[in-house]
Amino acid sequence: MNTLLLTLRERNALLYGFGVICLIGFVVCIVLVLTTSRQVLGVNAFVKPAKFFISIWLFCWTMGWYTGLLTQKSHVTLYSWVVIIAMVIELVIITGQAARGNQSHFNVSSAFNSMLFTTMGVAITVATLWTGYIGFLFFGPHHTVTDTAYLWGIRLGILLFVIFAFEGGLMGARLSHTVGAADGGLGLPGLNWSRQYGDLRIAHFVGMHALQVLPLLGYYVVHRSSLIIGISIGYFLLTTLLFVQALRGKPLVSHLWGMLETRAV
């Protein structure tokens, strides 16, 4: 583990350091979840910041690892600062709104709240577009990856991340992630995905984590580029199916969850 962390820090000290800050922020939010009672949409207000801190930590360390494989170091430094600035904006607004007992996303209840929501949208769009550019560099000669399966895992992992990151724009346009009801109903423990209606966050989550899943498969499991490309196509189709199911207002695991609850009783 120490070797892994040292390598990560050598590859991209900026994203490594910011990831450490995000981990600290996650721990602080967990403490607040356990010690405060303020709620937003029926859930402790600091659950959402905690999830964003941990997901941004994972994103930063993942991209820190990949960018260390690029040869254009000036582009890597610029990208790293773009990500850090965008994520600081995101985390400050999400955590600040939680402390106020307000929604951070889809909140247009006042000019100020609307401005905060729009600012987050602009910041994350810029960071996502820059991430797409980093993915583009892996299609050229500007990297040191020699394992073709791993390389295709990185390329397609970043591509699917960008595609399904932009699904957030649809949720923003709808001012809701739940399809068929208002946000805030019964949700799965921890994740809070709707157990009764469609939830656009599921495809958003699964699609964006192609960023980790496909390169790991390419490096450790699948050692042929044709296979990782085929798996990536399947991953895309599965995530698209989750997206379509959510748009139809259908929950992910309503029947399974109902069976588990019945057996528990």
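Side-chain heavy atoms closer than 4.5 Å link hydrophobic residues (I, L, V, M, F, W, Y) into clusters, and following such links, possibly through other members, connects Ile93 to Ile56. In the hydrophobic clustering of this structure, Leu200 does not group with Val244; members are Ile, Leu, Val, Met, Phe, Trp, Tyr whose side-chain heavy atoms approach within less than 4.5 Å, directly or through other members. A continuous path of hydrophobic side-chain contacts links Trp81 to Val20 [ILVMFWY only; heavy atoms under 4.5 Å]. The hydrophobic clustering, which links ILVMFWY residues whose side-chain heavy atoms are closer than 4.5 Å, places Leu247 and Leu252 together. Leu4 and Leu6 are members of different hydrophobic clusters when ILVMFWY side chains are connected at heavy-atom separations under 4.5 Å.
Separation of atoms CD1 (Ile233) and CG (Leu238) is listed at 14.0 Å; rounding is to 0.5 Å. The distance from atom CE of Met171 to atom CG of Asp183, rounded to the nearest 0.5 Å, is 10.0 Å. Interatomic distance, CZ of Phe117 versus CG of Leu175, reported as 6.0 Å (0.5 Å rounding). Of the inter-residue distances, the one linking Leu186 atom CG with Tyr197 atom OH reads 9.0 Å to the nearest 0.5 angstrom. Rounding to the nearest 0.5 angstrom, the gap separating the OG1 atom in Thr178 from the CG atom in Leu41 is 9.0 Å. To the nearest 0.5 angstrom, Trp152 atom CH2 is 9.5 Å from Leu159 atom CG.
Two rings, from His209 and Phe205, have their centers less than 6.0 Å apart. You'll find the ring centres of Phe53 and Phe26 outside the 6.0 Å limit. Taking the six-membered ring for Trp, Trp65 and Trp61 have ring centres at least 6.0 Å apart.
Side-chain contact between Glu90 and Ile94 is present, with heavy atoms from C-beta onward closer than 4.5 Å. With contacts defined as side-chain heavy-atom distances shorter than 4.5 Å, the pair Asn113/Val108 does not qualify. At least one side-chain heavy atom of Arg174 sits under 4.5 Å from a side-chain heavy atom of Val179. Side-chain contact between Ser194 and Leu188 is absent, with no heavy atoms from C-beta onward closer than 4.5 Å. Residues Lys48 and Thr95 are not in side-chain contact: their nearest non-hydrogen atoms beyond the backbone lie 4.5 Å or more apart. Using a 4.5 Å heavy-atom cutoff, the side chains of Tyr16 and Arg11 are not in contact. Counting heavy atoms from C-beta outward, Leu137 and Gln72 have side chains that approach closer than 4.5 Å. At a threshold of 4.5 Å between non-hydrogen side-chain atoms, the residues Val222 and Ile231 count as touching.
When all heavy atoms of Ala127 and Ala86 are compared, the closest pair comes out as CB-CB, 3.8 Å. In plain terms, the two heavy atoms of Ala181 and Ser176 that are nearest each other are O-OG, 4.4 Å. Across Val82 and Trp130, no two heavy atoms sit closer than the pair CG1-CD1, 3.8 Å. Summarising the geometry of Phe59 relative to Leu211, their closest heavy-atom pair is CD1-CD2, 3.6 Å, with the distance given to 0.1 Å. Nearest heavy atom pair, residue Leu160 against residue Ser232, reads CD1-O, 4.0 Å. The heavy-atom pair separating Cys22 from Leu91 by the smallest distance is SG-CD1, 4.0 Å.
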Derivation and outcome, side-chain contact (heavy atoms from CB on, under 4.5 Å), residues Phe136 and Thr131:
CA-CA 9 Å; Phe136 172 75; Thr131 300; over 6 Å; no

Would Val47 and Cys29 count as a side-chain contact (heavy atoms from CB on, under 4.5 Å) here? Give the steps.
CA-CA 7 Å; Val47 167; Cys29 285; over 6 Å; no

Run Phe52 and His105 through ring-ring contact (aromatic ring centres under 6.0 Å, His included) and show every step you take.
CA-CA 12 Å; Phe52 270 81; His105 290 70; 5.4 Å; yes

Steps toward side-chain contact (heavy atoms from CB on, under 4.5 Å) verdict (Leu116, Ser104):
CA-CA 8 Å; Leu116 292 178; Ser104 53; over 6 Å; no

Determine, stepwise, if the pair Leu241 / Leu237 fulfils side-chain contact (heavy atoms from CB on, under 4.5 Å).
CA-CA 6 Å; Leu241 178 63; Leu237 292 175; over 6 Å; no

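A cation-pi contact, defined as under 6.0 Å to the ring centre and within 45° of the axis, links Arg155 to Phe139.
Considering Ile21, Leu15, Ile89 in turn, Leu15 is the only one that fulfils the side chain to side chain contact (heavy atoms under 4.5 Å, CB included) rule with Ile84.
Within 6.0 Å of atom OH in Tyr219, 12 or fewer heavy atoms from other residues, nucleotides or ligands are found, so the atom counts as exposed in its surroundings. Within a 6.0 Å sphere centred on NZ of Lys51, heavy atoms belonging to other residues, nucleotides or ligands number more than 12.
Side-chain atoms of His75 and Tyr133 include a donor-acceptor pair closer than 3.5 Å. In the model, Asn12 has a side-chain atom that pairs as donor or acceptor with a side-chain atom of Ser80 under 3.5 Å. Counted by atom type alone, Gln97 and Arg100 present one or more donor-acceptor pairs between their side chains at under 3.5 Å.
A donor-acceptor pair under 3.5 Å links the side-chain atoms of Thr240 to the main chain of Phe236, judged by distance alone. For His204 (side chain) and Phe164 (main-chain N/O), a donor-acceptor pair under 3.5 Å exists by modelled atom type. Listed for the Tyr235 side chain is a donor-acceptor partner under 3.5 Å among the backbone atoms of Val206.
Under the salt bridge (Lys or Arg N to Asp or Glu O under 4.0 Å) criterion, the residue pairs touching residues 197-224 are Asp199-Arg201, with sequence neighbours excluded.
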